[in-house]
Amino acid sequence: MTDEHELVKIRKGKLKKIREQGIDPYALHFRRTHSAATVQECAQKISIGEVLEDLEVAVIGRVITVREHGKSCFAHIRDDSGDVQIYVKSNTVGEKAYGLFKLVDIGDFIGVKGKIFKTRTGENTILVSELSVFSKSLQTLPEKWSGLKDVELKYRRRYVDLIANKDIKPLFKLRSRIISSMRRFLEEKDFLEVETPMMQQIPGGAMAKPFVTHHNTLDMDLYLRIAPELFLKRLIVGGFEKIYEINRNFRNEGISTRHNPEFTMLELYQAFITYEDLMQLTEEMFCVIAEECLGKTSFEYQGHTINLKEWKRLSFVEAIKKYAKIDLESISDKELKNSAKELVPEIRKMNSFREIVDAIFKKVVIPNLIDPTFIIDYPERMCPLAKKKRDNKNLTERFQPYICAIELGSAYSELNDPMEQKDRFLDQIKDRKMGDDEAHLMDEDFITALEYGMPPTAGLGIGIDRLVMLFTNSSSIRDVILFPQLKPQK
RNA sequence: GGGUCGUUAGCUCAACUAGGCAGAGCAGCGGACUCUUAAUCCGUUGGUUGUGGGUUCGAUUCCCUCACGGCCUACCA
């Protein structure tokens, strides 16, 4: 499309010269014996100036720095395990190989064979006796000292970000460890991992706008799921007692530092327990993950100290009373709307009770929820899938965990009365008619499933990206998602 | 969606306040150098200043449009 950059042309010229020597720089004809890290381990027993005589290592990695000295050269190569220095000397590696090395740029993959020694300054180094070139890099890497700073480029070209900025890979390795730690925790408690549809005919299980797609052969619209909830509950009806799913949800809403259109969620369901039990499980799970992944249960997030062993509990109604000075138990819908207008000016366009209360909660309450807190017992009209409290039919047995004003998930004792569930769906349809286009849709088959009988069950959802943000002290969800959603460039 | 700030060489940044030849470091290229590590030393290439308009003798700089992005905010987890 545009003219090729001069720097690319130069590198292609070198590539051509390598090929002229009969070398295919994109083929692998090398067997490595050591990683950068194991070379460092092997070198522990030698002292300065000493050579590890009885061991020849073969290492392959990306060249990241070069320091030339006439007919010899120091460089660092990097693999997944770390970095190691190499020393290429003309009279050790031979004139021809040294000539080949002159065609190597920062960014190329090279393979080296040689013995390990310790330099005058004490750095473990491979004295190269054989050298081969693999995967010539045609693009120049970012500046070695500052790395890649441009946030747009970091997200668009995460692969460059991973190469150029040393702290990126450990962060995503930690993300992976968090998820596997979560799986291990659940497996040890005999939860079964299941997979349910990502493409659904009726998007349910949450309040959100879905993405629509179309199946050509069936000639029907399908929705990318906003939650797996209704399918997981069908499996509880089917007789599974402890199940979970870790996978992507898709919500067609705004993008922010806490929202990506596709995000990873844990949802788990267990029969014969209540939301009370799930609060305990949540605490335990967060502590176990933190212990395993960070080695501690207390850590810093954006200037706040978090202690995962100490959770507060505050009821939704109390929270509104405390921070918004509104008593939801005695106020009429009309009065509520008027009070809300003062607190949240943009409330005007909202009509449903759920939207209004939600807006007040988010604006006035959430910013205060810094210490680990379970907000519990939400008004019934906000939770169409949750079971009512035994002693107060206006409330539901629901909780949401908050840390540093981040909503980390949602859980409740599941509503398992099919007729009540149907009525709640009908109420949602009324809200929808009032303009709440996130109100829940009717799902007849789900009602049918409940009619077969779902045991008393509690379910929990945890936003994994947000959990990872917390554990990695990241201020934006984009920093914990490898390829966050961006508009196309230009 | 609204507000606000930003976009200058492959990368990291100057120059803009008050309009006057667009600079540096790294990377690259040529040269010197066989224990360096931000190697050093000498020389050197590289720019439609995000896009399109406007004001002006003259615009990276002032004004407007659009694109993309950051942050705040709204919807949501």
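Everything numeric in this text was worked out from a predicted model, so none of it was measured. Numbers restart at 1 for each chain; the letters A, B, ... are given by sequence-line order, proteins then strands.
Going from the P atom of B:rC5 to that of B:rC64 covers 11 Å, rounded to whole Å. Using C1' as the reference atom, B:rU60 and B:rU48 are 12 Å apart when rounded to the nearest Å. Nucleotides B:rA74 and B:rG28 have their P atoms positioned 48 Å apart, rounded to a whole Å. Taking the P atom of each, B:rU61 and B:rA15 are spaced 15 Å apart, rounded to whole Å. Rounded to whole Å, the separation between the P atoms of B:rG19 and B:rG47 comes to 28 Å. When the P atom is compared between B:rA22 and B:rC16, the two are found 14 Å apart, to the nearest whole Å.
The separation between A:Glu152 atom CD and B:rA67 atom P is 14 Å, rounded to whole Å. Rounded to a whole Å, the NZ atom of A:Lys166 is 14 Å from the C1' atom of B:rA38. In this structure, NE2 of A:His69 is placed 18 Å from P of B:rG31, rounded to the nearest angstrom. The separation between A:Leu7 atom CG and B:rA27 atom P is 12 Å, rounded to whole Å. In this entry the distance linking CD of A:Glu68 with P of B:rU40 reads 13 Å, nearest Å. One interatomic measurement links the two molecules: CZ of A:Arg156 to P of B:rU7, which rounds to 17 Å at whole-angstrom precision. Distance NZ (A:Lys12) to P (B:rG10): 16 Å, rounded to an integer number of Å.
Using a 4.0 Å heavy-atom criterion, one finds that A:Leu486 contacts the sugar-phosphate atoms exclusively. Using a 4.0 Å heavy-atom distance criterion, A:Gln139 is classed as making no nucleic acid contact. No engagement by A:Arg157 is indicated, since no non-hydrogen atom pair under 4.0 Å with the nucleic acid exists. Residue-level contact check: A:Gly463 touches neither bases nor backbone, having no heavy atom under 4.0 Å from any strand. No engagement by A:Lys118 is indicated, since no non-hydrogen atom pair under 4.0 Å with the nucleic acid exists.
With salt bridges taken as basic N to acidic carboxylate O contacts below 4.0 Å, one links A:Lys169 and A:Asp80. With respect to A:Asp465 and A:Arg175, a salt bridge is recorded, a charged nitrogen being found less than 4.0 Å from a carboxylate O.
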> Run the side chain to side chain contact (heavy atoms under 4.5 Å, CB included) check on A:Glu414 and A:Ile236 step by step: do they pass?
Replying inline: CA-CA 11 Å; A:Glu414 305 295 339; A:Ile236 296 288; over 6 Å; no
> After noting the C-alpha distance and the side-chain angles of A:Tyr87 and A:Thr119, does the key distance pass the side chain to side chain contact (heavy atoms under 4.5 Å, CB included) rule?
Replying inline: CA-CA 10 Å; A:Tyr87 188 32; A:Thr119 63; over 6 Å; no
> Going through the checks in order, is the side chain to side chain contact (heavy atoms under 4.5 Å, CB included) test met by A:Lys233 and A:Thr457?
Replying inline: CA-CA 9 Å; A:Lys233 285 190 203 171; A:Thr457 300; 5.9 Å; no
>> side chain to side chain contact (heavy atoms under 4.5 Å, CB included), that's the test. Do A:Phe374 and A:Glu283 meet it? Break it down for me.
In response: CA-CA 10 Å; A:Phe374 291 119; A:Glu283 279 191 48; 3.8 Å; yes
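The CG atom of A:Leu395 lies 11.5 Å from the CE atom of A:Met382; values are rounded to the nearest 0.5 Å. Considering CD of A:Glu53 and CG of A:Leu55, their distance stands at 10.5 Å, rounded to 0.5 Å.
When atom types are taken as modelled, the side chain of A:Ser90 and the backbone of A:Glu95 share no donor-acceptor pair closer than 3.5 angstrom.
For RNA chain B, the neighbouring residues in residues 74-87 of chain A, judged by any heavy atom under 4.0 Å, are A:Phe74, A:His76, A:Gln85, A:Tyr87. Within residues 143-150 of chain A, the residues that have a heavy atom under 4.0 Å from RNA chain B are, in order of number, A:Glu143, A:Lys144, A:Trp145, A:Ser146, A:Gly147, A:Leu148, A:Lys149, A:Asp150. Within residues 245-254 of chain A, the residues approached by RNA chain B to less than 4.0 Å at the level of any non-hydrogen atom are A:Arg251, A:Glu253, A:Gly254, in residue-number order. Listed by residue number, the members of residues 90-108 of chain A with any heavy atom below 4.0 angstrom from RNA chain B are A:Asn91.
For A:Met199, the CE atom is loosely surrounded, since the number of other residues' heavy atoms within 6.0 Å does not exceed 12.
Set against B:rC35, B:rC71, B:rG10, the side chain of A:Thr119 has B:rC35 as its closest nucleotide.
Residues forming a side-chain hydrogen bond (donor to acceptor under 3.5 Å, both in side chains) with A:Arg251 (at least two apart in sequence, or on another chain): none. Residues passing the side-chain hydrogen bond (donor to acceptor under 3.5 Å, both in side chains) test with A:Arg432: none are found, sequence neighbours excluded.
Between A:His440 and A:Leu230 there is a side-chain heavy-atom pair separated by less than 4.5 Å.
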